[in-house]
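So the structure is just underneath, and the comments pick up after that.
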Amino acid sequence: MISAILFLFTGATHAAEDGQPPVPKYIGSEVCAGCHEEETKSWKVSDHAHAWMTPTPEHVDGNFDNAEFTFKGQTTRFYRKDGDYFIETSDVPGEPKTFKVVGVDGIRPLQQYLLETEPGKLQSFDVVWDQDKKVWYHLYPDTPPPPNDGLHWTGPYKNWNARCAECHATGFRKNYSLATRSYQSTEAQIGVGCEACHGPGEAHAAWAQSPGTYAKSPFPGTGKTGLLIAYSKALPETEIQQCAGCHSRREAFQDGNPLPGTSYHDAYRLSPLRQGLYHADGQILDEVYVFGSFLQSKMYANGVRCTNCHEPHSGALKADGNAVCTQCHSPAANPDFPALTAKLYDDPSHTFHEPGTAGAQCKSCHMIERVYMGIDGRRDHSFRVPRPDLTAKIGTPNACNDCHSDKSASWAAAELETRFPDSSHRGPHYGEVFAAARQAPGSMGDELMAIAGQKSFPGIVRASALDLLQQNTPPETAEKAAALIDDPDPMVRAAVIALQQGVAPTERIQRIIPALSDPVRSVRMAAARMMIGAPIAYMPKAMSAAAAEASKEWQRSLANKADFPETHLVIGGTALVMRNAKSALAAFEEVTRLDPQMVNAWVMQIRIRLAVGDMAGAQMSLQKGLLANPDDTNLKAYKQQLGG
């Protein structure tokens, strides 16, 4: 049945980009260290350098002295043998198994271990080491996923090759084969090395050996020093987008690391402010990392970049405590950011807390902290002003009540109004509209369109308003949104295209055809997806070529994620549009093979089998679905319908 899936995307199952020019080779961080000693010294103590390590005594911090950890009836033993590290656990499908540790992930505040469950297939184990308390703990303290659950440590969402490695390695290629369901992953270097940010260094090393006589690089796109990317004070976006590739919640298009210097929206689709990921007002909720938050901030809008606050090689803050903020937020201000008001911020007159206390820290009020993986505290980078008034209205959190948990949101709102009577940070907020639209899909259409069209809002907010409109879009709303098809922000353009799904095919095609030649790949791919099944008798040659190339880009991106259950949902839906029941069924079966808890894929299997008259097959799919999801109401309804 895999062949039926491959049939849909003939020629798109290879991860390599067609016709790409040659690029320099990776040479390794140790070669870079020969010239860049100080930078290397800083990098070696960074989280980047420890993002993926070999299991040696130097790197392994957990207790492998025959230590045992029992949790929810599952026992795991950690031990050493002949210089290697092993984990024996009953937390597997079937009988207990022993795995050799093949990789180490991270240094603080926790350390996780990588196990090879099949040749080439690495999984991140869910019992991890707490570096502060020096104890083992489970990442799911309440209800750990059982074996055969997609979220279990052996499942697809904990697969290191697919979900993690590209941001923990340099020059990584996943190399997944759908035909054999196996990995042959490679990397230039484990850990995030110099070339992960600066690009492969072969040409740069040649230049460094003889800069005076260095000839033009044989590699297109390299600058005068032989590098593919150049950072400068005048180009903050270059730096931000390079960091964002890993520090964001996104969908990747390529098979591993894009070359440094690749535009973010040519390599990824950034998640909008969706329910379950962000609160309605844009605050972080799930593990969304940094970029989606930072895009919402006034700091981003005014040209602040990552290295204004973080030392680029160690990753450490450039100053301790509030000093990192008072680089700019002070009576002296900062001439690099002329929009900033010069005034005293680090003072009780602004903080209303005693100096040296937690409440007087800028981050306590303007960068709320949320804990992930049990003990890993991460801060919201939208740098927002606390809005307890919104908490009272729509239930979003606020920094005041994070600390003053014994007080009400109304109390906090009143305190702020008293202390900052002239503040502009009160009144209507887009979060109120988003909250209402989340509660009642299809409502707030005019209000969402108003937000989408408001150019003063960040692009991610405007795109999120359009994303909410997708849940129930009348044709007139899609028509209004089409006016934004040329918006400067690629997220907005892509969201406009997605809104055209429910429009009559002839109108939809007229609106999206120009986007097939958009300069940004994420937009072109969104347009290509809308072309599937469109009734087009003829297109001019140039237009037809643009459509074919955009479709190829989209198909290639799907092929690069053939180990994701989400990808096969898309393939299955596409096959149905193309009236290819066989490929659709194969795709939905692949979904449930990877993640048995995706009930909608079981439902689609049942429906397709019923549609082709395969009652026995439909009943078999139902039985398998119920076995994996015994309490699901949708599947129970089919059980009644089929008389099972």
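- Salt bridge annotation for Asp376-Arg378: present, with a cationic side-chain nitrogen under 4.0 angstrom from a carboxylate oxygen.
- Note on ring orientation: taking the six-membered ring where Trp is involved, the planes of Phe294 and Phe383 are perpendicular (angle over 60°, cut-offs 30° and 60°).
- Val192 and Cys167 make their closest contact through CG2-O, 3.5 Å (heavy atoms, listed as atom of the first residue, atom of the second, distance).
- No option in Asn175, Asn159, Asn161 other than Asn159 meets the side-chain hydrogen bond (donor to acceptor under 3.5 Å, both in side chains) test with Tyr183.
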>> Determine whether Ile460 and Leu273 satisfy the following criterion, side-chain contact (heavy atoms from CB on, under 4.5 Å), listing intermediate values before the conclusion.
In response: CA-CA 7 Å; Ile460 190 171; Leu273 309 179; 3.9 Å; yes
>> Using salt bridge (Lys or Arg N to Asp or Glu O under 4.0 Å), reason through Arg274 and Asp467 one step at a time and then give a plain yes or no.
In response: CA-CA 8 Å; Arg274 284 184 173 158; Asp467 186 64; 2.8 Å; yes
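- Ion pairing of Arg108 with Asp47 is present here, as a side-chain N (NZ or NE/NH1/NH2) and a carboxylate O approach within less than 4.0 Å.
- For the residue pair Gln500 and Arg511, a side-chain donor N or O sits within less than 3.5 Å of a side-chain acceptor on the partner.
- No donor-acceptor pair under 3.5 Å is formed between the side chain of Asp487 and the backbone N or O of Arg493.
- Donor-acceptor pairing under 3.5 Å is recorded for the side chains of Glu311 and Ser314.
- Between the CH2 atom in Trp43 and the SG atom in Cys197 there is a gap of 11.0 Å [rounded to 0.5 Å].
- Contact check for Trp554 versus Val570: side-chain heavy atoms found under the 4.5 Å cut-off.
- Ring centers of His381 and Tyr289: at least 6.0 Å apart, outside the cut-off.
- Side-chain contact check for Asp286 and Tyr372: no donor-acceptor pair (N or O, by modelled atom type) lies under 3.5 Å.
- Between Glu590 and Leu178 the shortest side-chain heavy-atom distance falls below 4.5 Å.
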>> Please determine whether side-chain hydrogen bond (donor to acceptor under 3.5 Å, both in side chains) holds for the pair Ser293 and Gln296, giving the CA-CA distance in whole Å, both sets of side-chain angles, and the decisive distance to 0.1 Å.
In response: CA-CA 5 Å; Ser293 298; Gln296 302 173 54; 4.6 Å; no
>> Between Arg181 and Arg593, is the side-chain contact (heavy atoms from CB on, under 4.5 Å) condition met? List the steps.
In response: CA-CA 11 Å; Arg181 296 191 178 113; Arg593 189 195 70 81; 3.0 Å; yes
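- The line from CG of Leu558 to CD of Glu566 is 11.5 Å long, rounded to the nearest 0.5 Å.
- Under 3.5 Å, the side chains of Glu239 and Thr307 contain a donor-acceptor pair of N or O atoms.
- Looking only at distances, a side-chain donor or acceptor of Gln112 sits under 3.5 Å from a matching main-chain atom of Phe125.
- Taking every heavy atom of both residues into account, Val288 and Leu277 meet most closely at CG1-O, 3.6 Å.
- Thr56 and His59 are linked by a side-chain donor-acceptor pair at a separation below 3.5 angstrom, with hydrogens and angles left out of the test.
- Met530 is listed as a side-chain neighbour of Arg508, based on a closest heavy-atom distance under 4.5 Å.
- Put simply, the side chain of Asn302 gets close to the backbone of Lys298: a donor and an acceptor are under 3.5 Å apart.
- Within the 4.5 Å cutoff, the side chain of Trp160 has heavy atoms near those of the Trp52 side chain.
- A pairwise comparison of heavy atoms in Leu139 and Val128 identifies CD2-CG2, 3.8 Å as the closest pair.
- No side-chain N or O of Tyr300 forms a donor-acceptor pair with one of Ser382 less than 3.5 Å apart.
- In this structure, Leu151 CG and Asp126 CG are separated by 9.0 Å, a value rounded to the nearest 0.5 Å.
- Under the 3.5 Å distance criterion, the side-chain polar atoms of Thr170 are matched with a main-chain donor or acceptor of Gly191.
- No donor-acceptor pair closer than 3.5 Å links the side chain of Arg305 to the backbone N or O of Ile240.
- The side-chain heavy atoms of His265 and Met491, taken from C-beta on, include a pair separated by under 4.5 Å.
- Relative to the ring axis of Tyr268, Arg249 does not place its NZ or CZ within 45° and under 6.0 Å from the centre.
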> Taking it one step at a time, do Arg250 and Arg269 satisfy side-chain contact (heavy atoms from CB on, under 4.5 Å)?
Replying inline: CA-CA 5 Å; Arg250 79 292 188 275; Arg269 180 184 293 109; 6.0 Å; no
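- Two residues are said to be in side-chain contact when any heavy atoms from C-beta on lie closer than 4.5 Å; Met525 and Phe253 meet this criterion.
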> Given Leu295 and Phe291, is the side-chain contact (heavy atoms from CB on, under 4.5 Å) satisfied, shown in steps?
Replying inline: CA-CA 6 Å; Leu295 288 178; Phe291 189 43; 3.5 Å; yes
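- Of all non-hydrogen atoms in Cys328 and Asn334, the two that sit nearest each other are SG-ND2, 3.3 Å.
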> Between Tyr157 and Asp595, does a side-chain hydrogen bond (donor to acceptor under 3.5 Å, both in side chains) hold up when you go through it step by step?
Replying inline: CA-CA 9 Å; Tyr157 304 109; Asp595 182 359; 2.6 Å; yes
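- For Gln189 and Ser29, the side-chain atoms include at least one donor-acceptor pair closer than 3.5 Å.
- With 3.5 Å as the limit, one finds no donor-acceptor pair spanning the side chains of His48 and Ser46.
- Checked for salt-bridge contact, Asp518 and Arg524 miss the test: no charged N lies under 4.0 Å from a carboxylate O.
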>> Please determine whether salt bridge (Lys or Arg N to Asp or Glu O under 4.0 Å) holds for the pair Asp255 and Lys561, giving the CA-CA distance in whole Å, both sets of side-chain angles, and the decisive distance to 0.1 Å.
In response: CA-CA 8 Å; Asp255 186 59; Lys561 299 184 290 290; over 6 Å; no
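- Side-chain atoms of Glu37 and Thr40, non-hydrogen and from C-beta on, never get closer than 4.5 Å to each other.
- Nearest heavy atoms, Leu499 versus Ala481: CD1-CB, 3.6 Å.
- Between the side chains of Ser551 and Gln555, at least one donor-acceptor pair of N or O atoms lies under 3.5 Å.
- No side-chain heavy atom of Leu115 sits under 4.5 Å from any side-chain heavy atom of Val102.
- Expressed to the nearest 0.5 Å, how far CD of Gln184 lies from OG of Ser177 amounts to 7.5 Å.
- The structure places CD of Gln470 at 9.0 Å from CD of Gln501, a figure rounded to the nearest 0.5 Å.
- A salt bridge does not link Arg163 to Glu251: none of the charged nitrogens lies less than 4.0 Å from a carboxylate oxygen.
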>> Assess the residue pair Lys174 and Asp563 against the criterion (salt bridge (Lys or Arg N to Asp or Glu O under 4.0 Å)); give the C-alpha distance rounded to whole Å, side-chain angles, the decisive distance to 0.1 Å, and a yes or no.
In response: CA-CA 10 Å; Lys174 181 172 57 175; Asp563 50 347; 2.9 Å; yes
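- Considering every non-hydrogen atom in both Asp266 and Arg521, the closest pair reads OD1-N, 2.7 Å.
- The environment of Lys41 atom NZ is sparse: at most 12 non-hydrogen atoms of other residues, nucleotides or ligands sit within 6.0 angstrom.
- Atom CD in Glu195 sits 7.0 Å away from atom OH in Tyr26 (nearest 0.5 Å).
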>> Does Tyr113 form a ring-ring contact (aromatic ring centres under 6.0 Å, His included) with Trp153? I'd like the steps, not just the answer.
In response: CA-CA 11 Å; Tyr113 300 95; Trp153 76 266; over 10 Å; no
